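Hydrogens, waters and symmetry mates play no part in the numbers below; they use all other heavy atoms, side chains included. Bear in mind that the values here come from a model prediction, so they are computed numbers and not experimental data.
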Amino acid sequence: MNKVKLAVIYYSMTGTNYQLAKWAKEAAEKDGAEVRLLKVEELAPQEAIDQNPVWKKVTEETKDVPVASSDDLVWADAIIFSSPTRFGNVSSQIKQFMDLQGGIWSEGKLVNKVVSAMSSAQNPHGGQEKTISAIYTTMMHWGAIIVPTGYTDDSIFKAGGNPYGTSVTAGRDGMVEDVEDAVKHQAKRTVQVAGWVKEGMN
């Protein structure tokens, strides 16, 4: 069987979701997938970024990460989204990226994509699950096949027990929960399900 093609698409202001995306890429490649690590386009003005040392540092560190496009979605068999929580919803950058996919959506090119999602917030109950659910709502409109983590591995419990997708509290000193294994399990599970779908469609 051909390799599963996975697009890991993230937005990250402080580096948390960038790290989640890198762990997902690492695990998926180890599982045999061909992976594109992609960021969505930044919408904030440069002045705002320059005034925040952490944001500026992350922007500089990720300057060579390609910006996601519609072509990446068409190419992919599977997609993992990673978004910070913004008032219980996805970031505007992720939302705009999704909103721009009307063309390929209308052509049916997003149907049966295997998708999963991850999120972060500053507080343990800051809206991570709502953010993941918001992503999945859009995926339902795409006709995608949603792959939640469920309680399919002990790493889910270690990470805080979110069955929708890996989520993490991003405090001032970094990530509060230990989520690396949960992210990697989620990526492997997404690739596995995508493999089943890909094989079944051939």
Side-chain angles (χ1 to χ4, degrees), residues 5-26 28-29 35-76 79-105 109-110 113 115-139 141-142 165-177 179-180 183 187:
K5 294 177 286 189
L6 172 68
V8 181
I9 300 174
Y10 76 92
Y11 175 72
S12 191
M13 178 181 165
T14 64
T16 300
N17 286 272
Y18 177 48
Q19 181 61 69
L20 298 181
K22 287 192 293 183
W23 282 332
K25 177 180 185 288
E26 178 187 336
E29 287 179 336
V35 184
R36 292 182 183 177
L37 177 66
L38 306 158
K39 64 186 178 188
V40 296
E41 190 172 358
E42 180 60 81
L43 301 179
Q46 189 61 46
E47 311 88 79
I49 296 170
D50 289 343
Q51 290 174 10
N52 184 316
V54 175
W55 197 354
K56 186 176 181 180
K57 179 174 180 285
V58 171
T59 300
E60 181 63 26
E61 286 176 354
T62 61
K63 65 182 179 181
D64 294 328
V65 177
V67 174
S69 69
S70 297
D71 289 341
D72 293 308
L73 296 180
V74 173
W75 167 85
I79 308 157
I80 295 176
F81 287 103
S82 192
S83 174
T85 294
R86 295 290 185 263
F87 300 113
N89 213 317
V90 297
S91 70
S92 58
Q93 291 84 353
I94 289 281
K95 184 65 167 63
Q96 177 179 261
F97 175 75
M98 291 177 172
D99 287 346
L100 290 174
Q101 307 313 319
I104 58 174
W105 167 81
K109 292 181 178 178
L110 298 175
K113 299 294 182 181
V115 299
S116 199
M118 308 182 291
S119 70
S120 67
Q122 188 175 358
N123 303 303
H125 303 289
Q128 293 97 321
E129 293 177 5
K130 293 290 288 184
T131 299
I132 291 171
S133 294
I135 293 171
Y136 289 163
T137 296
T138 300
M139 296 302 100
H141 285 260
W142 286 9
T166 306
S167 65
V168 67
T169 308
R172 291 181 179 273
D173 298 320
M175 298 186 201
V176 174
E177 298 88 9
V179 299
E180 180 177 355
V183 170

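The CZ atom of Arg36 sits 8.0 Å away from atom NZ of Lys5, with the distance rounded to the nearest 0.5 Å. Separation of atoms OG1 (Thr131) and CE (Met118) is listed at 13.0 Å; rounding is to 0.5 Å. Expressed to the nearest 0.5 Å, how far NZ of Lys56 lies from CD of Glu61 amounts to 13.0 Å. Here the straight-line distance linking atom CG of Asp71 with atom NZ of Lys109 works out to 8.5 Å at 0.5 Å rounding. The CG atom of Leu73 lies 15.0 Å from the CH2 atom of Trp105; values are rounded to the nearest 0.5 Å. In this structure, Leu6 CG and Glu29 CD are separated by 9.0 Å, a value rounded to the nearest 0.5 Å.
Asp72 contributes a side-chain N or O that, together with a main-chain N or O of Ser69, makes up a donor-acceptor pair within less than 3.5 Å. Formation of a donor-acceptor pair under 3.5 Å by the Lys113 side chain with backbone atoms of Ala76 is found in this model.
For residues 117-136, there are no salt bridge (Lys or Arg N to Asp or Glu O under 4.0 Å) pairs, not counting sequence neighbours. Here salt bridge (Lys or Arg N to Asp or Glu O under 4.0 Å) pairs that include residues 84-103, with residues two or more places apart or in two chains, are Lys95-Asp99.
Across every non-hydrogen atom of Thr16 and Ala170, the tightest pair is OG1-CB, 3.5 Å. Closest approach of Met13 to Asn52, counting heavy atoms only: CE-ND2, 3.7 Å. Considering all non-hydrogen atoms of both residues, Asn17 and Ser120 come closest at ND2-OG, 2.8 Å. The two atoms that bring Ser12 and Val58 nearest to each other are O-CG1, 3.9 Å, heavy atoms only. The two atoms that bring Ile132 and Ala117 nearest to each other are CD1-O, 3.9 Å, heavy atoms only. For the pair Gln128 and Ser119, the tightest heavy-atom approach, listed with the atom from each and the gap, is O-OG, 3.0 Å.
Gln19 places none of its side-chain heavy atoms less than 4.5 Å from the side chain of Val183. Side-chain contact between Ile135 and Ser83: present, with at least one pair of heavy atoms (C-beta onward) separated by less than 4.5 Å. With a 4.5 Å cut-off on side-chain heavy atoms, Met139 and Ile79 do not count as touching. Looking at Val65 and Tyr10, their side chains come closer than 4.5 Å, going by heavy atoms from C-beta outward.
Exactly one of Glu41, Lys39, Glu42 qualifies for a side chain to side chain donor-acceptor pair (under 3.5 Å) with Tyr11. That residue is Glu42. Each of Val67, Leu37, Val40, Ile80 was scored for a side chain to side chain contact (heavy atoms under 4.5 Å, CB included) with Ile9, with one residue passing: Val40.
Note on Glu60 versus Lys57: no salt bridge recorded, every NZ/NE/NH1/NH2 to OD/OE distance being 4.0 Å or above.
When the shell of 6.0 Å around CH2 of Trp55 is examined, it contains more than 12 heavy atoms from other residues, nucleotides or ligands.
Ring geometry for Trp142 versus Phe81: interplanar angle over 60°, hence perpendicular rather than tilted (30 to 60°).
Not a single ring pair (Phe, Tyr, Trp, His ring centres under 6.0 Å) links Tyr136 to another residue, sequence neighbours left out.
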